[in-house]
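Numbering starts at 1 and runs along the sequence shown. Heavy atoms only: backbone and side chains are in, while hydrogens, waters and symmetry mates are out.
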Amino acid sequence: MFFIFGRIIGLVGPEYGRLRPKTYAITFISLDMAALIVQAVGGSQASAADTLEGANRGANVMVAGIILQMVAITLYVLIQAEYLIRVYKDRPIHPRPAQAMTMTPLSPASRDAGNQTPNTFVGESDVEKLPPKATVAPGPGTGRQRVTRNIGLMLLGLVIATVFIYVRSIYRTIELLDGWNGPIITNETLFNVLDGMQILLAMVTLNVLHPGWLIPIPKGEAPQPTV
């Protein structure tokens, strides 16, 4: 999800985000990895414990890891929401990129007609003097104008998958806080619906609304294999 969000930011407009697209992925993946490591440490402590007290200590470490994961996802949700609101309202944080323009060399006949000197290129002030085939590339527009149908579908899939993952994180936190013998952790139906099914639905969502189909990386930008 973090890589997908960074890709969307690069396509729609980095000027609406607080960080660079790659920084989002690096930051949140690092937090997620740290949370998983803490959970693994707590799980190993709980499984190796000989007493219920030792198992509960391990569970507390696992809860700390899950809470860290939920904090990271919450921060990600807030940043994602702020970005989308800024795009919708066209309120960039950083200066908008300079407007792209195609520099078109004039033909000799056009130079004579427009009293141009040789090797002169066309700027914005010369639009009216351009011959019929010479064009000036349009500017990038606002973020909302860059949201194509594919990007919109990818955003929809990303939001849906984020909701599923967030629900699962809330359940896991409450589950372990309730203890090893609590009514939540011993309820298999709750586990199947609020844990396993949430992950399954998130995976299905991102496979139906797949980033490789909706926002593929152009061949020129894809990393090339090395021998």
Side-chain angles (χ1 to χ4, degrees), residues 1-9 17-84 154-212 214-215 217 223:
M1 294 191 306
F2 306 136
F3 278 115
I4 296 173
F5 184 48
R7 172 73 175 152
I8 289 175
I9 290 175
R18 296 190 178 276
L19 303 174
R20 293 182 178 181
K22 290 184 179 179
T23 306
Y24 283 103
I26 293 172
T27 300
F28 289 111
I29 288 175
S30 299
L31 288 173
D32 200 40
M33 289 297 297
L36 291 176
I37 291 172
V38 173
Q39 291 178 57
V41 170
S44 63
Q45 290 179 352
S47 62
D50 297 327
T51 63
L52 180 60
E53 183 181 356
N56 286 334
R57 282 198 298 268
N60 290 335
V61 176
M62 290 180 66
V63 169
I66 292 174
I67 290 176
L68 175 60
Q69 190 174 44
M70 191 168 69
V71 168
I73 294 176
T74 301
L75 183 61
Y76 164 76
V77 168
L78 293 175
I79 290 177
Q80 186 184 79
E82 184 203 20
Y83 179 82
L84 295 178
M154 190 70 260
L155 281 171
L156 176 63
L158 192 59
V159 169
I160 293 173
T162 300
V163 170
F164 289 139
I165 298 298
Y166 199 64
V167 169
R168 187 253 183 187
S169 297
I170 294 173
Y171 164 75
R172 291 284 288 161
T173 302
I174 298 174
E175 175 194 39
L176 288 178
L177 284 174
D178 197 41
W180 293 107
N181 296 320
I184 297 178
I185 200 171
T186 55
N187 189 316
E188 187 175 357
T189 302
L190 283 178
F191 175 80
N192 289 335
V193 173
L194 297 177
D195 191 315
M197 185 176 289
Q198 301 302 309
I199 297 298
L200 176 63
L201 291 174
M203 292 174 59
V204 170
T205 299
L206 292 181
N207 274 276
V208 173
L209 300 174
H210 198 284
L214 297 176
I215 50 172
I217 299 177

| note | Residue pairs meeting side-chain hydrogen bond (donor to acceptor under 3.5 Å, both in side chains), one or both in residues 189-198, sequence neighbours left out, come to R168-D195

| message | Going by the rule side-chain contact (heavy atoms from CB on, under 4.5 Å), which residues pair with A72 if we only count those two or more places apart in sequence or in a different chain? | response | L31

| task | Hey, could you give me each pair passing salt bridge (Lys or Arg N to Asp or Glu O under 4.0 Å) that has a residue in residues 59-73? Not counting sequence neighbours. | result | none

| task | Might you point out which heavy atoms bring A59 and A46 nearest each other, and give the distance in Å? | result | N-CB, 4.3 Å

| task | Taking all heavy atoms of G65 and all of A35, pick out the closest pair and write down the distance. | result | O-CB, 3.3 Å

| What pairs with E188 under salt bridge (Lys or Arg N to Asp or Glu O under 4.0 Å), at least two apart in sequence or on another chain? | none

| Which residues pass the side-chain contact (heavy atoms from CB on, under 4.5 Å) test with I160, sequence neighbours left out? | L156, F164, T205

| Does any N or O in the side chain of S44 come within less than 3.5 Å of the main-chain N or O of V41, such that one atom is a donor and the other an acceptor? | yes

| request: Report yes if some heavy atom in the side chain of I29 is under 4.5 Å from a heavy atom in the side chain of F3; otherwise report no. | output: yes

| said: Whether the side chain of T23 engages the backbone of L19 through a donor-acceptor N/O pair (distance < 3.5 Å, no angle test) should be reported. | reply: no

| request: For N187 and P183, indicate whether the former's side chain and the latter's backbone hold a donor-acceptor pair under 3.5 Å. | output: no

| Can you name the residues that form a side-chain contact (heavy atoms from CB on, under 4.5 Å) with L214, not counting sequence neighbours? | N150, L153, M154, L209

| field | salt bridge (Lys or Arg N to Asp or Glu O under 4.0 Å): pairs with one or both residues in residues 51-66, sequence neighbours excluded | value | E53-R57

| request: Using side chain to side chain donor-acceptor pair (under 3.5 Å) as the criterion, list what pairs up with Q39, not counting sequence neighbours. | output: Q69

| remark: Rounded to the nearest 0.5 Å, the CD atom of Q45 sits from the CG atom of N60 at a distance of 10.0 Å

| note | Taking every heavy atom of G54 against every heavy atom of A49, the minimum-distance pair comes out as C-CB, 3.4 Å

| Of the non-hydrogen atoms in T173 and S169, which two are nearest, and what is the gap between them? | OG1-O, 2.9 Å

| field | Partners passing salt bridge (Lys or Arg N to Asp or Glu O under 4.0 Å) against R20 (at least two apart in sequence or in another chain) | value | none

Distance-only donor-acceptor hits, side chain of residues 73-84, under 3.5 Å, sequence neighbours excluded:
residue	atom	partner	partner atom	Å
T74	OG1	M70	O	2.7
T74	OG1	Y166	OH	2.9
Y76	OH	Q80	NE2	2.9
E82	OE1	R18	NE	3.1
E82	OE2	R18	NE	3.0
E82	OE2	R18	NH2	2.6
E82	OE2	R86	NE	3.2
Y83	OH	G13	N	3.4
Y83	OH	G13	O	2.8

| task | With side chain to side chain contact (heavy atoms under 4.5 Å, CB included) as the test, would you mind laying out the steps for I199 and I165 before giving the verdict? | result | CA-CA 7 Å; I199 297 298; I165 298 298; 3.7 Å; yes

| query | Are side-chain heavy atoms of I9 and F5 found at a separation under 4.5 Å? | reply | yes

| Note, R172 side chain near M62 side chain (heavy atom, < 4.5 Å) | yes

| Residue pair I215, I4: steps toward the side chain to side chain contact (heavy atoms under 4.5 Å, CB included) verdict | CA-CA 9 Å; I215 50 172; I4 296 173; 4.3 Å; yes

| field | Spacing of I185 atom CD1 and I174 atom CD1 [to the nearest 0.5 Å] | value | 13.0 Å

| remark: Between the CG atom in L190 and the CD1 atom in I184, the distance rounded to the nearest 0.5 Å is 7.0 Å

| task | Could you list the residues that satisfy side-chain contact (heavy atoms from CB on, under 4.5 Å) with A161, not counting sequence neighbours? | result | M1, A202, L206

| query | How would you list all residue pairs meeting salt bridge (Lys or Arg N to Asp or Glu O under 4.0 Å) that involve residues 197-209, not counting sequence neighbours? | reply | none

